[in-house]
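First the proteins, then the strands, lettered A, B, ... as listed; each starts at 1.
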Number of protein chains: 2
Amino acid sequence: MLRTHTCGELRLEHVGTTVTLCGWVQRLRDKGGMAWIDLRDRYGLTQLMFDEGATAADIQKMAQGVGREFVLKATGEVIERVSKNPKMPTGDIEIRVTAMEVLNPAKVPPFIIEDETDGGDELRMKYRYLDLRRNSVRSNLELRHRMMQYTRRYLDGNKFIEVETPVLIKSTPEGARDFVVPSRMNPGEFYALPQSPQTFKQLLMVSGFDRYFQIVKCFRDEDLRADRQPEFTQIDCEMSFVGQEDILNIFEGLVKSLFKEEKGLEFGAFPRMSYDEAMAKYGSDKPDIRFGMEFVELNALTQGKGFQVFDAAELVVGICAKGCAEYTRKELDGLTDFVRRPQVGAKGMVYLKCNTDGTFKSSVDKFYSEDQLKEWAVACGAEAGDLILVLAGDKDQTRKAMNELRLEMGNKLGLRKRDDFKPLWVLDFPLLEWDEETKRFHAMHHPFTAPKKEDMKLLETDPGAIRANAYDMVINGVEVGGGSIRIHDRPTQQLMFKTLGFTDEEAKKQFGFLMEAFEYGAPPHGGIAFGFDRLCSLFGGVDSIRDFIAFPKNNSGRDVMIDSPSTISAEQLKELNISVGKV
Amino acid sequence: MLRTHTCGELRLEHVGTTVTLCGWVQRLRDKGGMAWIDLRDRYGLTQLMFDEGATAADIQKMAQGVGREFVLKATGEVIERVSKNPKMPTGDIEIRVTAMEVLNPAKVPPFIIEDETDGGDELRMKYRYLDLRRNSVRSNLELRHRMMQYTRRYLDGNKFIEVETPVLIKSTPEGARDFVVPSRMNPGEFYALPQSPQTFKQLLMVSGFDRYFQIVKCFRDEDLRADRQPEFTQIDCEMSFVGQEDILNIFEGLVKSLFKEEKGLEFGAFPRMSYDEAMAKYGSDKPDIRFGMEFVELNALTQGKGFQVFDAAELVVGICAKGCAEYTRKELDGLTDFVRRPQVGAKGMVYLKCNTDGTFKSSVDKFYSEDQLKEWAVACGAEAGDLILVLAGDKDQTRKAMNELRLEMGNKLGLRKRDDFKPLWVLDFPLLEWDEETKRFHAMHHPFTAPKKEDMKLLETDPGAIRANAYDMVINGVEVGGGSIRIHDRPTQQLMFKTLGFTDEEAKKQFGFLMEAFEYGAPPHGGIAFGFDRLCSLFGGVDSIRDFIAFPKNNSGRDVMIDSPSTISAEQLKELNISVGKV
């Protein structure tokens with residue numbers, strides 16, 4: 001190796017030894033004949049020292065000539081520092097340099113390569129390879145690396161087999177939009193990139209692989225919102241001869257092992273909640289249970305008292321914000337503005353202050369007596385000093401708005417701490433959801449999810465009420481994983497496609513291979529997939545998944561560093577038998 | 001779980017316990033009121049027993065009604081077998097079934113699901129999920145799984161960080177043909193799928209990641225030969241602050257650890273050979289050194305004696321086949337036919353039999369005296385009873401043909417044993433190779449490979465003679481990995497592109513980001529990539545990589561199971577702003 005040690009490992013015990021280090025110039029100081037360079041590599045920083053009296057003149061000169069981010073190779077003796085730096089792991093020592101080589105000079109970087117940088121998003125994306133030098137960014141990717149190793153170790157230990165499924169597959173109309181790949185050898189035909197390896201992992205179960213996993217890239221050609229990427233990574237798993245309970249246990253074990261290995265945290269059994277309960281109590285299928293502030297339905301207490309808005313509402317629902325009775329007019333107006341935002345969507349907000357003196361003050365107190373308001377307070381579990389916030393209207397919309405308001409209040413009250421982790425299983429999802437636009441049912445999870453046996457009878461009469469054997473793992477309000485027990489027989493799968501509006505022919509064309517496979521001895525099976533980018537960002541305490549991806553794309557799907565996508569040559573187009581634009 | 005045990009784990013110690021197993025019907029026998037079913041899962045086979053007297057009638061009937069590949073759940077008591085089967089790990093016991101459920105029936109499979117199958121290639125590919133049930137196929141994928149875990153464990157233990165590089169990248173004219181992906185959000189532009197993560201891993205070195213690895217899918221849109229796949233998997237690695245020697249050591253360590261973990265084999269230092277030596281001694285840059293039979297150049301001994309064919313030849317080269325002096329006329333004619341095949345390409349073959357009685361017999365003995373023939377024998381190290389085979393002609397073509405003949409003789413003599421592993425490093429590859437067709441130099445490895453410093457002076461005068469800091473790992477004549485020390489400064493990289501015929505503009509457009517990165521402090525670095533499919537097939541003792549890929553494509557790049565590639569809808573094409581055919 002060009003070096004004897006890394007920049008992170010030298011300690012007092014090395015004093016007196018001669019070492020060679022390689023790395024980047026992080027900082028330079030020069031003062032009265034002395035010069036110091038902090039040399040950086042992935043493992044740490046070590047101080048190089050140059051002393052006008054002791055260091056050879058040419059080396060002294062070289063040290064004074066280097067700039068930030070130069071790549072150096074420096075040899076010298078490890079000596080004990082006069083003024084130690086207890087903040088640096090190597091802060092007890094420095095290197096008295098006796099030989100040095102500039103392995104590569106560096107232009108002045110376009111932004112400062114420190115934890116606090118002056119580079120804007122776009123600049124840092126263009127020079128991603130420089131941004132990746134920053135500790136904060138690199139440590140995110142080191143976390144990701146560890147999470148991958150823990151995951152595989154756990155799954156390998158539980159007899160899961162890692163199988164690579166194909167990337168060049170077949171386009172299907174289900175789900176999100178596919179990325180497609182024109183085939184040169186089959187002109188006019190296209191592969192698609194997988195949105196998930198769903199059908200392949202099910203076929204592996206039909207093959208008797210029993211337990212499969214893969215940490216795998218998936219692709220969705222969707223309009224990119226702030227925190228989506230066209231290519232993302234899943235921990236994808238499937239098991240045979242199991243029921244839902246078995247899957248929950250195995251993968252609760254996986255997440256527990258990740259918390260234990262990465263953070264030293266131990267958890268008891270993860271709480272479980274039905275979809276219906278989650279929607280009723282939190283207005284969300286991914287509730288953040290780091291804090292309470294659960295929804296209280298107030299229809300019975302609030303309706304029929306002459307307040308038109310509540311009387312006309314399908315749902316009147318309140319939450320209790322502890323200790324917020326002292327909120328000012330301005331603060332309450334701020335919350336009203338918040339719930340009126342289009343993305344929240346409420347028309348207005350009613351408040352009830354439970355004053356510390358035992359009185360009540362509400363924005364609607366002309367409709368309700370003090371006693372009636374007290375009933376609200378009792379229902380909401382509010383005490384003197386608390387504030388009740390009430391929304392009303394259409395059930396689904398009001399729940400959605402109240403979910404946003406609850407999370408906002410959680411933020412305001414500091415109840416959503418990044419280092420507080422509250423995992424949760426959400427169970428019993430609906431099998432289908434009605435799409436008003438296309439006037440047909442969509443699969444809530446995907447068309448391979450098994451309905452609960454006891455709900456099958458609803459298929460003809462009330463398909464929307466059928467519950468699925470589907471489950472999500474939610475941590476701190478983030479859906480980190482989801483899965484289901486699958487259909488494993490042809491008649492049920494065929495019925496499912498029919499319910500989703502497929503003609504027999506369409507179903508056969510797209511998924512005939514899977515239905516045929518079910519006829520050759522398919523075992524009962526089920527599985528789960530975790531959003532790995534999201535899981536890493538959650539463990540890293542950062543909101544954006546982009547910070548946990550080495551080379552992410554921007555919101556237009558562009559890699560601005562390599563300038564991709566880009567045009568291709570006329571010759572390439574011709575070989576692929578495609579043209580840009582319309583024939 | 002639906003089962004208490006797998007079909008592979010019950011032993012005599014379990015006798016008397018009640019168990020539940022799930023699996024597939026492998027075999028059924030029915031005889032005089034008794035019935036047996038061998039139930040199969042990934043872990044093994046267990047015999048279920050049904051006894052007309054003891055088993056309930058409905059279960060007895062069910063057992064008689066099932067067919068091959070039915071999926072069963074069976075409960076019963078583990079009993080000691082009367083006639084044990086020492087060939088089966090579970091052969092000491094059987095299950096006296098007391099309850100049974102058909103979890104899924106099965107149609108009669110289109111081919112027999114046993115080690116020896118009657119299914120042809122095409123049928124087995126169409127029903128790949130059934131082919132994967134066969135032990136031989138599944139055990140290949142189990143081997144692949146283990147190889148992945150060993151590899152990551154070794155590299156993680158050596159401080160390599162696993163980083164996922166993007167799959168949607170940029171098309172470049174270098175190397176093989178790219179698969180491209182039209183971008184909907186950037187109409188008229190395309191992503192490309194990576195042929196390797198080369199530039200990204202180099203950028204990670206510029207970022208200071210120090211040691212990177214990834215087991216990663218790569219893509220090449222080439223006409224598929226027998227053993228190529230459009231998507232394949234690499235173990236991709238890169239290191240900073242190292243020379244060639246460091247890389248050879250680390251990755252020799254990786255391969256040794258794979259042999260040790262998977263096969264319990266220990267190796268000393270792998271032999272090393274220069275490219276020039278490999279070509280001279282074996283006529284191949286991937287010599288199979290499981291056997292000798294090295295080339296002996298015979299120009300000096302054979303030319304100028306009146307035999308025109310040899311006199312006109314650039315190279316006369318022989319190999320000695322031990323103990324083959326007794327080859328018949330017919331056998332020798334067979335070898336001549338072999339070397340004349342177009343893919344071998346020799347015009348003819350000369351033999352020299354070193355008879356056991358000390359005499360010599362050659363096809364050209366009218367041109368050479370007994371003493372002269374003896375000189376050949378001495379030069380080739382031949383003894384009485386050996387056969388010398390000689391080819392002559394243009395140097396490169398003759399070496400190529402002799403390589404084929406040597407391997408053929410190795411096969412005939414049983415010298416290429418599948419369980420004999422002989423790894424080898426081939427070093428000092430030429431940097432460039434001349435392409436007669438385009439009249440320009442191509443990079444032999446890729447344009448990022450560093451030339452040897454001492455050869456740089458040849459760049460103006462004799463570029464073809466420059467050696468590269470490039471290396472291949474060869475095992476048993478198969479190139480399993482290759483890599484190089486990379487260029488890490490802009491001027492050399494620019495010069496390299498120029499030598500390869502890029503204009504400055506082209507180089508900048510395609511690789512400007514990399515050359516710019518080199519200006520911000522790039523460390524010396526190098527790496528290697530192993531062909532993972534190939535490595536697995538070598539360890540598995542099978543020639544075809546297809547047997548080690550769960551869902552491979554056929555020679556037309558089709559997945560016949562899912563019927564992909566396929567046409568996509570007009571709507572999809574419109575959204576992507578492309579058309580099939582010419583505008």
Side-chain angles (χ1 to χ4, degrees), chain A residues 1-3 22 24 42 69 71 104 106-107 129 132-133 145 148-149 156 161-163 166-168 170-171 179 181 183-186 188-191 203 206-208 210 217 221 231 241-242 246 513 517 519-523 550-551 556-557 561-562 564-566 568 578-583, chain B residues 1-3 22 24 42 69 71 104 106-107 129 132-133 145 148-149 156 161-163 166-168 170-171 179 181 183-186 188-191 203 206-208 210 217 221 231 241-242 246 513 517 519-523 550-551 556-557 561-562 564-566 568 578-583:
Chain A
M1 310 276 166
L2 301 188
R3 63 194 173 201
C22 292
W24 286 261
R42 174 184 133 198
E69 303 303 321
V71 186
N104 220 343
K107 293 203 296 194
Y129 50 87
L132 287 170
R133 283 187 190 164
H145 161 80
M148 283 199 268
Q149 315 312 314
D156 180 45
I161 299 185
E162 188 172 358
V163 180
V167 177
L168 296 171
K170 184 173 174 170
S171 189
F179 282 105
V181 181
S183 166
R184 183 180 53 86
M185 294 179 80
N186 303 275
E189 298 190 327
F190 294 79
Y191 302 99
L203 290 176
V206 176
S207 297
D210 207 68
K217 275 278 176 77
D221 185 13
E231 50 181 297
F241 301 119
V242 291
D246 307 308
F513 62 96
E519 294 185 295
Y520 286 103
F551 299 101
S556 320
M561 179 185 72
I562 63 171
S564 164
S566 60
I568 59 175
I578 58 168
S579 313
V580 170
K582 213 174 162 197
V583 173
Chain B
M1 310 277 165
L2 300 190
R3 65 193 171 201
C22 292
W24 287 260
R42 173 183 134 199
E69 303 304 322
V71 186
N104 220 342
K107 293 203 296 194
Y129 49 87
L132 287 169
R133 283 188 191 163
H145 161 80
M148 284 199 268
Q149 315 312 316
D156 180 45
I161 299 184
E162 188 172 358
V163 180
V167 176
L168 296 170
K170 185 176 175 167
S171 189
F179 282 106
V181 181
S183 167
R184 184 181 52 87
M185 295 178 80
N186 303 275
E189 297 189 329
F190 294 78
Y191 302 100
L203 290 175
V206 176
S207 297
D210 209 67
K217 275 278 175 78
D221 185 12
E231 50 181 298
F241 300 120
V242 290
D246 307 309
F513 62 97
E519 294 186 295
Y520 287 104
F551 300 101
S556 320
M561 180 185 70
I562 64 170
S564 163
S566 59
I568 59 175
I578 58 168
S579 314
V580 170
K582 216 176 159 195
V583 173

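A:Ser183 touches chain B through its side chain: at least one heavy atom from C-beta onward sits under 4.5 Å away, while N, CA, C and O do not. Looking at B:Lys217, the atoms closer than 4.5 Å to chain A (heavy atoms on both sides) all sit in the side chain, from C-beta outward.
The most heavy-atom pairs under 4.5 Å with chain B, out of A:Tyr520, A:Phe179, A:Phe551, A:Phe513, come from A:Tyr520. In terms of heavy-atom pairs under 4.5 angstrom with chain B, the leader among A:Val242, A:Val163, A:Ile578 is A:Ile578. For the set A:Ile161, A:Asp156, A:Leu203, the count of heavy-atom pairs under 4.5 angstrom toward chain B peaks at A:Ile161. Contacts with chain B were tallied for A:Met561, A:Glu231, A:Arg3, A:Glu69; A:Glu231 has the most, counting heavy-atom pairs under 4.5 Å. Most heavy-atom pairs under 4.5 Å with chain B, from the set A:Ala106, A:Ala550, A:Ser171: that is A:Ala106.
The two residues A:Gly188 and B:Val580 have their closest heavy-atom pair at CA-CG1, 3.7 Å. Between B:Trp24 and A:Gly521, the shortest heavy-atom distance links the atoms NE1-O, 2.8 Å. The two atoms that bring B:Ser566 and A:Lys170 nearest to each other are OG-CG, 3.7 Å, heavy atoms only. Closest approach of B:Glu162 to A:Met148, counting heavy atoms only: O-CE, 3.5 Å. A:Leu132 and B:Ser207 make their closest contact through CB-OG, 3.4 Å (heavy atoms, listed as atom of the first residue, atom of the second, distance). For the residue pair B:Val206 and A:Tyr129, the shortest heavy atom distance occurs at CG1-CD1, 3.9 Å.
With hydrogens and angles disregarded, no donor-acceptor distance shorter than 3.5 Å links the side chain of A:Asn186 to the backbone of B:Gly557.
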